[in-house]
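Chain naming here is simple, since letters A, B, ... match the order of the sequence lines and numbering starts at 1 in each.
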Amino acid sequence: MHLYKSQPLKVYNSLKGKKEIFESISEGYVGMYVCGPTVYSNVHLGNCRTFMSFDMIFRYLKHLGYKVRYVRNITDAGHLENDADEGEDKIAKKARLERIEPMEVVQRYTVDFHTILQKFNFLPPSIEPTATGHIIEQIEIIKDIIEKGFAYEINGSVYFDVPKFNESHNYGKLSGRKLEDMISNTRELASQDEKKSPQDFALWKKAETQHIMRWPSPWGDGFPGWHLECTAMSTKYLGETFDIHGGGMDLKFPHHECEIAQAEASNGVSPVKYWMHANMLTMNGKKMAKSTGNNILPEEIFTGNNDILSKAFTPTVVRFFMMQAHYTSILDLSNDALLASEKGYSKLMDAIGAIDAINTSDSSSIDVVSWRQKCYDAMNDDFNSPTLIAHLFEAVKHINTLKEHKATITESDKNLLKATLNAFIFDVLGLENKNVSSADNDKLPDVVSLLIQLRKEARDNKDFATSDKIRDQLAALGIQLKDGKDGTTFSVS
RNA sequence: GGCAUUGUGGCCGAGUGGCUAGGCAGAGCUCUGCAAAAGCUUGUACAGCGGUUCGAAUCCGCUCGAUGCCUCCA
């Protein structure tokens, strides 16, 4: 019944720097935590790629039969500007600039985040907790860490004592850094820093009087450090040790390194069995940055409203484009790449739509069973979606060959082929079928069939002026007719 | 400067120590009333320079380039 028993999965563990056989801590169950967005502006397309990678991973784990608890947080406090005036909270800053309440900022961009993800056909996580909803838990962890001697309070703020922690633990094991190197590479700053060591990081920050996002604590009014929320929420919902922790490559250090330190200091055990990091998205070969203008919002792709694009692209085409690269590779977005993906996606959907009409035989000239296993092998190899897609196009070729009666397939193989394609394309990759007509135009197939019939009659009478008129005018409406061995089909673009 | 990831044919992108990735674009053929679609055929790719090896794009070293990070603090 459970596929995971027959389909051994390997994942690349950033902590070890190699692929490992995936064995969940509790058989049949997977706990997965992914660092969610800081909701102070519209969700970045690069962020979407990270979350989409983990959406696909979530989907495949579920497909394998695991019961997955997927926790993805919303950071609505504590994430400070690192290059701004005074280390202001990103959300508080936005609120100040727009003269609205911080929670209005949070609400606006949380809604934006959910809207975009829905367009991309994301599955909702099992739990989507917020940092502000877990202040009490965070304070408890800080108390615990202080008690164990790995943190100190000074002037109403609490800092994690990294050198102390490093004496008995390994700070830097995830990012491959050594504390000594970090110390020698740190610029000497003017010594007004209240931290004992530049490597120390804040668990709790004292709120200055003008700081509006503040909570009471044993150390006075303040707010939690950014790294702490993830430790608090992952521990609360997934336990002291859980299976998978994911996030963007950019969070590896310091964020994830600090999470490990906090959890080990507090619980005495390493929090995560498999660390997984998704790689970055670039555009036209360069990093995406608002400052250089080399940046694009998801909505601008859906509308085509951006200078680098020649047209609009649907969310599912963008999703297909992203799935064509491995999640650990840098992916480069460009108009040409999206155009190529759009055509490939179309071809895939046309094949899906053509399966039902295929005639079956007593024997198969296609080995569907081993093809299916190749699809699983690809996904089992650290979620290799691009290789999976290569295999899906093999199936496309098979389907088209069958359509031309140049191959044969049995009824059961045909059903297996169809079920496998549906499972991987829609359940695992999360693509949506554009050929499935919506309620608004569900009469379209009948109408087009009528026109196809009229065109056939015209062609039979050698009235090519009429037949071409039907074909060309439908094409102008975005409906393409395709003449095949068994008559004419159509697709809508 | 340090750490990490990375550099594949016109474009996007997999992969392995010796055996086809795949998609898009291009070329030829088949089919077709003509197209389109589809099928078949077609590409002296693996940043550069050394090394290991019978053999490396795949392992090692160096060089060059790309991407991320270098800590809540000016």
Side-chain angles (χ1 to χ4, degrees), chain A residues 14 17 46 78-90 157 159-160 162 172 174-178 181-182 184-187 189-190 192-195 197-203 205 223 225-227 248-258 277 279-282 285-288 320-321 324-326 328-348 350-351 354 378 381 384-394 396-397 399-401 403-404 406-407 459 462-464 467-468 471-472 475 480-485 488-491:
Chain A
S14 316
H79 196 166
L80 303 185
E81 291 278 326
N82 35 18
D83 52 358
D85 318 322
E86 34 192 318
E88 196 172 0
D89 185 294
K90 286 187 177 186
S157 292
Y159 294 98
F160 191 94
V162 171
L174 178 67
S175 52
R177 290 161 207 243
K178 288 186 168 59
D181 296 343
M182 286 183 237
S184 60
N185 284 325
T186 303
R187 283 176 299 166
L189 298 172
Q192 71 269 45
D193 196 340
E194 61 189 14
K195 294 189 294 184
S197 157
Q199 280 68 42
D200 294 351
F201 57 89
L203 296 174
K205 287 287 284 182
F223 55 95
W226 172 42
H227 310 307
M249 207 79 115
D250 52 334
L251 297 183
K252 208 169 179 182
F253 188 87
H255 187 56
H256 292 159
E257 199 70 72
C258 294
H277 289 96
N279 216 137
M280 303 290 107
L281 182 71
T282 59
K286 292 185 190 133
K287 69 170 168 182
M288 285 182 146
F320 181 68
F321 160 74
Q324 276 185 296
H326 193 252
T328 57
S329 295
I330 294 174
L331 172 63
D332 190 52
L333 179 101
S334 64
N335 192 59
D336 285 350
L338 286 172
L339 284 170
S341 289
E342 185 173 56
K343 291 214 172 182
Y345 166 77
S346 228
K347 204 168 144 183
L348 189 60
D350 287 349
D381 185 14
N384 197 325
S385 56
T387 299
L388 167 68
I389 289 172
H391 295 321
L392 296 180
F393 277 103
E394 265 180 55
V396 168
K397 206 163 206 179
I399 289 166
N400 288 327
T401 314
K403 227 166 59 179
E404 301 220 330
K406 287 177 180 166
R459 290 176 72 196
K462 303 258 190 274
D463 179 5
F464 297 125
S467 69
D468 288 354
R471 180 220 288 163
D472 296 343
Q480 195 187 28
L481 299 187
K482 297 172 182 183
D483 297 328
K485 280 250 172 17
T488 304
T489 57
F490 75 99
S491 68

With salt bridge (Lys or Arg N to Asp or Glu O under 4.0 Å) as the test, would you mind laying out the steps for A:Asp468 and A:Arg471 before giving the verdict? CA-CA 5 Å; A:Asp468 288 354; A:Arg471 180 220 288 163; 3.5 Å; yes
Describe the nucleic acid contact of A:Lys397 in one word from base, sugar-phosphate, nothing, applying a heavy-atom distance below 4.0 Å. sugar-phosphate
Which residues pass the ring-ring contact (aromatic ring centres under 6.0 Å, His included) test with A:Phe321, not counting sequence neighbours? none
When the C1' atoms of B:C3 and B:U71 are considered, how many whole Å apart are they? 14 Å
Students often get this wrong, so: under 4.0 angstrom with heavy atoms, is A:Asn384 touching a base, only sugar-phosphate, or nothing? sugar-phosphate
Out of B:C69, B:A37, B:G13, minimum distance to the side chain of A:Pro254 belongs to B:C69
Does the side chain of A:Asn279 get closer than 4.0 angstrom to OP1 or OP2 of B:U6 through an N or O atom? no
Using atom C1' in both nucleotides, what's the gap between B:A36 and B:A21 to the nearest angstrom? 28 Å
Just the rounded figure in Å: distance from P of B:G26 to CG of A:Asp336. 12 Å
Pick the C1' atom in B:G10 and in B:G43, then give their distance to the nearest Å. 11 Å
Atom C1', compared across B:G48 and B:C64: separation rounded to whole Å: 7 Å
Nearest heavy-atom pair of A:Thr282 and A:Met288: which atoms, and what distance? C-CG, 4.4 Å
Can you check the A:His277 NE2 to B:U6 P distance for me, whole Å? 14 Å
Would you mind classifying the nucleic acid contact of A:Leu331 as base, sugar-phosphate or nothing, using non-hydrogen atoms under 4.0 angstrom? sugar-phosphate
Here's a test of your reading of the structure: between A:Thr328 and A:Gln324, which maps to the more 5' nucleotide of RNA chain B? A:Thr328
Pairing check on B:A47: which nucleotide meets the Watson-Crick or G-U wobble criteria with it, both distances under 3.5 Å? B:U63
Sticking with atom C1', work out how far B:A56 lies from B:G50, rounded to a whole angstrom. 14 Å
Main-chain N/O of A:Ser197 paired to A:Asp200 side chain as donor or acceptor, under 3.5 Å: yes
Side-chain N or O of A:Lys347 closer than 4.0 Å to phosphate OP1/OP2 of B:A37: no
Nearest to the side chain of A:Gln480, heavy atoms from C-beta on, is which of B:A37, B:G68, B:C34? B:A37
A:Ser329 side chain N/O closer than 4.0 Å to the phosphate oxygens (OP1, OP2) of B:A14? yes
At less than 3.5 Å, do the side-chain atoms of A:Arg177 and the base atoms of B:C69 form a donor-acceptor pair? yes
Rounded to whole angstroms, how far apart are CZ on A:Phe253 and P on B:G2? 17 Å
d(NE2, A:His391; P, B:U20) in whole Å: 14 Å
C1'-based separation of B:G22 from B:C54 [nearest Å]: 32 Å
Among B:G68, B:C12, B:A14, which nucleotide sits nearest the side chain of A:Asp250? B:G68
Taking a pair as Watson-Crick or G-U wobble with both distances under 3.5 Å, which nucleotide is matched to B:G1? B:C70
RNA chain B nearest-nucleotide lookup for A:Phe321 and A:Lys252: closer to the 5′ end is A:Lys252
Taking atom P of B:C12 as reference, at what distance in whole Å does atom CG of A:Leu281 sit? 13 Å
With the side chain defined as heavy atoms from C-beta on, A:Glu404 is closest, among B:A38, B:U67, B:G13, to B:A38
What is the distance, rounded to the nearest whole Å, between atom CZ of A:Phe320 and atom P of B:C24? 9 Å
With rounding to whole Å, what would you report as the distance between B:C19 and B:A27 at their C1' atoms? 27 Å
Can you tell me if A:Lys343 touches the phosphate of B:A25, counting only side-chain N or O atoms and a distance under 4.0 Å to OP1 or OP2? yes
Given atom CZ of A:Arg471 and atom P of B:C34, what is their separation to the nearest angstrom? 11 Å
So if I take every side-chain heavy atom of A:Met249 and compare against B:U5, B:A4, B:G33, which nucleotide ends up nearest? B:U5
Give none if B:A25 has no partner; otherwise give the nucleotide forming a Watson-Crick or G-U wobble pair with it, both distances under 3.5 Å. none
Nucleotide opposite B:G9 in a Watson-Crick or G-U pair, distances under 3.5 Å: none
When you compare the ring of A:Phe464 with the six-membered ring of B:G33's base, are the centres less than 5.5 Å apart and the planes under 30° from each other? yes
Among B:A14, B:C69, B:U71, which is the nearest nucleotide to the side chain of A:Phe201? B:U71
What contact category does A:Ala325 fall into here, base, sugar-phosphate, or nothing, at under 4.0 angstrom with non-hydrogen atoms? sugar-phosphate
On a heavy-atom basis, the closest approach of A:Gly344 and A:Phe320 is C-CE2, 4.0 Å
What I want to find out is whether A:Lys482 reaches A:Asp350 closely enough, with some N-O distance under 4.0 Å, to be called a salt bridge. yes
Among the candidates B:G22, B:G33, B:U71, find the nucleotide nearest to the side-chain atoms of A:Ala390. B:G22
I need the minimum non-hydrogen distance between A:Ser385 and A:Ala325, along with the two atoms involved. OG-O, 3.6 Å
B:A56 pairs with which nucleotide, Watson-Crick or G-U wobble, both distances below 3.5 Å? none
For A:His256 and A:Gly248, the nearest pair of non-hydrogen atoms, with its separation, is CE1-O, 4.3 Å
Closest heavy-atom pair and its distance - A:His277, A:Thr328: O-CG2, 4.0 Å
If you measure from the P atom in B:A57 to the same atom in B:C46, how many Å do you get, rounded? 8 Å
Rounded distance in Å - CD1 (A:Ile389) to P (B:G23): 12 Å
Is any side-chain N or O of A:Asp483 under 3.5 Å from a base N or O of B:A38, one able to act as donor and the other as acceptor? no
Could you let me know what B:G17 is paired to, Watson-Crick or G-U wobble, both distances under 3.5 Å, or none if it's on its own? none
